[in-house]
Amino acid sequence: MEPEIAVTAAVVAALFSPRARKLIRQGLVYGTAGVLMAGDAINSFARNVGRGFAQTGQEAGTRPATAAKGSGG
């Protein structure tokens with residue numbers, strides 16, 4: 001038997017087997033859920049990093065003025 005025929009037979013058997021269809025469907029559902037969760041985690045991390053940079057920039061902008069007042073008195 002040629003490899004192409006064997007692969008085709010395996011795919012056809014998987015498509016028509018209820019157990020295989022259920023496993024494929026569950027794999028797709030869990031895979032999609034995993035991708036969505038990973039995307040949310042990356043988005044949240046990036047948002048928090050952006051906020052951290054913004055806060056650091058704001059603090060750096062106000063520190064020299066506060067330090068200048070304290071040392072000039």
Side-chain angles (χ1 to χ4, degrees):
M1 185 181 277
E2 294 185 30
E4 294 88 7
I5 295 173
V7 170
T8 304
V11 169
V12 169
L15 289 176
F16 289 110
S17 165
R19 176 182 269 172
R21 283 196 317 250
K22 181 180 177 182
L23 287 174
I24 292 169
R25 190 169 44 249
Q26 282 181 342
L28 289 173
V29 169
Y30 287 130
T32 303
V35 167
L36 291 173
M37 287 175 60
D40 286 344
I42 291 169
N43 190 14
S44 175
F45 176 75
R47 194 175 328 122
N48 288 334
V49 168
R51 286 182 187 158
F53 281 136
Q55 287 177 353
T56 303
Q58 289 174 353
E59 289 173 4
T62 58
R63 264 191 218 145
T66 306
K69 278 186 179 179
S71 63

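Residues take their numbers from the sequence shown, with the count starting at 1. As the structure is a computational prediction, the values presented were derived from the model and not from experiment.
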Under 3.5 Å, which donor-acceptor pairs link side chains of residues 22-31 to any protein atom two or more places apart or in another chain?
none

Please enumerate all residues that pass side chain to side chain contact (heavy atoms under 4.5 Å, CB included) together with [X], with sequence neighbours excluded.
| X | answer |
| --- | --- |
| E2 | E4, I5 |
| L15 | V11 |
| A20 | A14, S17 |

### Query
What's in the same ILVMFWY side-chain cluster as F16, cut-off under 4.5 Å, chained through other members?
V12

May I have the list of side-chain donor-acceptor pairs in residues 42-50 shorter than 3.5 Å, sequence neighbours left out?
| residue | atom | partner | partner atom | Å |
| --- | --- | --- | --- | --- |
| N48 | ND2 | S44 | O | 3.3 |

